Amino acid sequence: MTATVPAQRARPHVSDLLAAAVGAVPGGAERPGQQKMAEAITTAVEREEHLLVQAGTGTGKSLAYLVPSLLVEGPVVVSTATLALQSQLVDHDLPRLADAVERMLGRRPTFAVLKGRHHYVCLARLEGTSADEPADALFDVGESRPTRWLGEAGRLGKQVERLRDWAMESETGDRDELDPGVDDSAWKLVSMPARECVGAQRCPYGAECFAEASRARAREADIVVTNHSLLAVDMLTGRQIIPPHRLLVVDEAHELADRVSSASQAELTPELLERAARRCRPYVDDEVADRLMEAGDTLTVALADAPAGRLTGALPTVLGEALTLLDAGGRKALDGVGEVKSDDHDPVRKQQAKAMVSDLTKIAQRMIANAEHDVIWIERDDRGRRAVVIAPLSVAGTLNIHLFHERTVVATSATLALGGQFDTVARSLGLPVVVEKPAAAGTPAEAAREAVIRADAARDTADLAWSSLDVGSPFDYAKQGILYVAAHLPRPQTSGLSEPAANEMVELVQALGGRALGLFSSRKAAERAAEVLRARTPGITILLQGEEALPILVRRFREDRNSCLLGVMSLWQGVDVPGDACQLVIIDRLPFPRPDEPLAAARSAAVDSAGGSGFAAVSVPIAAVRLAQGVGRLIRSRTDKGVVAVLDSRLETARGYGAYLRASLPPFWYTTKPEPVRGALRRLSAS
């Protein structure tokens, strides 16, 4: 008798999976852009070709990339820029998707979250931290003030005790699952940065490590959700953290280059040097530790009178002395600490000391080199904290080498096509862009040289083949919203809010009766706007960022139709208020980077020195992304209606970049005339 071989289940088509997933969403409906994006990702994986996708608000891009990910063999990694999107994927989208497609796939897809090691409680640090006197608590030098007072140390001790009880019961050790939470200072006492970890093999708690367990779960999952910061660290450390995968989806991709730049950035403060000296003192001679203390004292002198801003040319003499002392002292300290062994009395603390001194020494060496591809600046904050900071001039080369090879990358966002083109974002991500130039007259040698350049560019493009796609948005922007540019206002001259702009703002808010989100370029402008509106719009509640916690302000704005919410840059991306609670977005000025932003200024200067326009190549694209994000706060659903009012006449009058910035925005009905705008706002108020 012949045995019956069970029929192999047919591989479902991406469109069928997407239909099932959409059907499981309350009120879900088919969206052409979502379907086009899902199919394009499937094709990109098959061709092993990278893909940039601009997906406007309302496209449903999460499902558009999650569904085709289920058809990829091995784990797929999804990286997000914000915790809000990460939580949305893990807590809502992925569980619902798994339920919807389980029958079609013949199994239930699995997923896991992968965060940095410092997001998990460290049992080894808990063991070495006393509840009565937490390690480093009494005299640790923090970022906010030089020493901790005894009452604060006692409060930290109570929080550490609660963390210890929670860790004994938690299955994951993930800070995000701790409710209520604890202060950052308390969490630092019980968590372990990756550089300070001795590794599971040498740690007495390696077998029980929460961070190692999270990595093990990620290796077994179909979809791994992580964040841009960890993705950046993974790339910079040889891709040893995130499990091997064929497909990487980078959501909120317009943020990636900045996150990689932040991960590549390093700083030195006197407090860090003093802490390093204390940590290594048990393992080295006092003379060696004193060298590090001396370096910290010299750095204090160097930063005392140094103005904030970028350092160009040779480093200041005293700063150079501090860095040289740190380099020499750090080398001596590392020799004294020696290797970390599993049979050391306290391998965890020894590794912490070694890692900290090693990092600071490398930073000093990097600053001493003062290479052309690095930018160094002095930083001061409102609390008097001072630091010397170094960061790469560009991370495009780093991304070119570490992001795209040996996997297919899909980068998506609502703001990728700046000025209607993907080239700017592609370059920032390290993808080659070939610019076709008409043949120019020249000598045979010049023509040959040009041919070689084009051949090299073509070869680079072949090595990193990529395509782009703009799937649009299901929203009818021309009917749902108005983009109004107050072209009659004078050009902005100061960081505050001019009187004509303030008057324009008041008239718009009065026409609608509230429901306005004000996005301002500076704290000074936001405070002035709040002052004016509170004086001239009685009966309207004015909520100002900084006066209460932001989540509370957003909730009040959402619930009170007679309110306005005013704030600065963090509101340009972080507020989602669909419905009639937000029907007017006011932007006081175009969000160009400030002249004192060291990295933007250095990048602009580099372009200028190469014969280009730093303003056009650096400042304008930054403004385009920020402006598009701010404008995107208005229309969040198919039924939303309203006005975006830009109180900066340059969006209309600037010939060099006005049209470029407008082309980077959704296709609203456009006007520079105030009368129809106020009429539209009054009709919205009446309805």
Side-chain angles (χ1 to χ4, degrees), residues 11-46 51-73 75-113 221-227 245-254 408-416 468-475 576 578 632 635-639:
R11 186 172 184 261
H13 192 272
V14 65
S15 60
D16 298 326
L17 286 175
L18 182 60
V22 170
V25 177
E30 292 186 1
R31 305 173 190 181
Q34 186 182 57
Q35 295 173 342
K36 188 183 297 184
M37 180 175 173
E39 291 170 358
I41 292 174
T42 302
T43 301
V45 174
E46 292 173 351
L51 177 66
L52 305 185
V53 185
Q54 176 160 286
T57 306
T59 300
K61 61 180 167 58
S62 296
L63 280 183
Y65 61 67
L66 290 176
V67 168
S69 297
L70 298 176
L71 299 176
V72 178
E73 183 180 351
V76 169
V77 174
V78 176
S79 181
T80 73
T82 60
L83 289 175
L85 179 54
Q86 190 177 65
S87 298
Q88 173 69 29
L89 292 175
V90 173
D91 298 334
H92 302 286
D93 295 347
L94 281 166
R96 186 164 52 210
L97 175 62
D99 291 339
V101 302
E102 181 175 3
R103 179 175 297 179
M104 298 179 68
L105 292 176
R107 63 181 183 84
R108 181 178 176 80
T110 58
F111 54 90
V113 182
D222 294 310
I223 296 178
V224 178
V225 180
T226 188
N227 56 76
H245 51 278
R246 287 185 59 202
L247 173 62
L248 168 65
V249 178
V250 181
D251 201 345
E252 302 170 308
H254 63 280
T408 297
V409 177
V410 173
T412 183
S413 169
T415 49
L416 286 186
S468 60
L469 175 67
D470 185 351
V471 299
S473 169
F475 302 154
D576 186 8
I635 304 298
R636 310 300 295 175
S637 73
R638 291 175 182 265
T639 58

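Since this is a predicted model, take the numbers as computed values, not measurements.
- T43 is not listed as a side-chain neighbour of L51, based on a closest heavy-atom distance of 4.5 Å or more.
- A 4.5 Å side-chain heavy-atom check between D251 and Y65 finds at least one atom pair inside the cut-off.
- Under the salt bridge (Lys or Arg N to Asp or Glu O under 4.0 Å) criterion, D93 pairs with R96, sequence neighbours left out.
- A heavy-atom distance below 4.5 Å is not found between the side chains of T412 and I41.
- Going from atom CE of M104 over to atom CG of L17 covers 4.5 Å, rounded to the nearest 0.5 Å.
- In this structure, T408 and A44 approach most closely via the heavy-atom pair CG2-O, 4.0 Å.
- A 4.5 Å side-chain heavy-atom check between E39 and V14 finds at least one atom pair inside the cut-off.
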Evaluate side-chain contact (heavy atoms from CB on, under 4.5 Å) for K61 paired with V53, printing each intermediate quantity in order. CA-CA 9 Å; K61 61 180 167 58; V53 185; over 6 Å; no

Evaluate V101 against V67 for side-chain contact (heavy atoms from CB on, under 4.5 Å), listing each step before the verdict. CA-CA 9 Å; V101 302; V67 168; 5.8 Å; no

S62 and L85: side-chain contact (heavy atoms from CB on, under 4.5 Å), yes or no, with the steps? CA-CA 9 Å; S62 296; L85 179 54; 4.2 Å; yes

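- From L63, atom CG reaches atom CD of Q34 across 5.5 Å, with rounding to the nearest 0.5 Å.
- Heavy-atom minimum distance, A20 versus A100: O-CB, 3.7 Å.
- Atom CZ of R31 sits about 10.0 Å away from atom CG of L18, to the nearest 0.5 Å.
- In this structure, the separation between CZ on R246 and OG on S69 is 11.5 Å, given to the nearest 0.5 Å.
- Closest non-hydrogen pair, G56 versus A414, comes out as CA-CB, 4.3 Å.
- In this structure the side chain of P68 never reaches within 4.5 angstrom of the side chain of V45, judged on heavy atoms.
- Side-chain N or O atoms of R11 include one that pairs as donor or acceptor with a backbone N or O of L71 at under 3.5 Å.
- The minimum heavy-atom distance linking R107 with D222 is given by the pair NH1-OD2, 2.8 Å.
- Between E252 atom CD and S79 atom OG the span is 9.0 Å, to the nearest 0.5 Å.
- For the pair D99 and R108, the minimum side-chain heavy-atom distance is below 4.5 Å.
- When all heavy atoms of L469 and A40 are compared, the closest pair comes out as CD2-CB, 3.6 Å.
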Show your working on side-chain contact (heavy atoms from CB on, under 4.5 Å) between R636 and T57 and close with a plain yes or no. CA-CA 7 Å; R636 310 300 295 175; T57 306; 3.8 Å; yes

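- Annotation: the span from L247 atom CG to I223 atom CD1 amounts to 9.0 Å, rounded to 0.5 Å.
- Listed here is the closest heavy atom pair of P75 and V224: CB-CG2, 4.4 Å.
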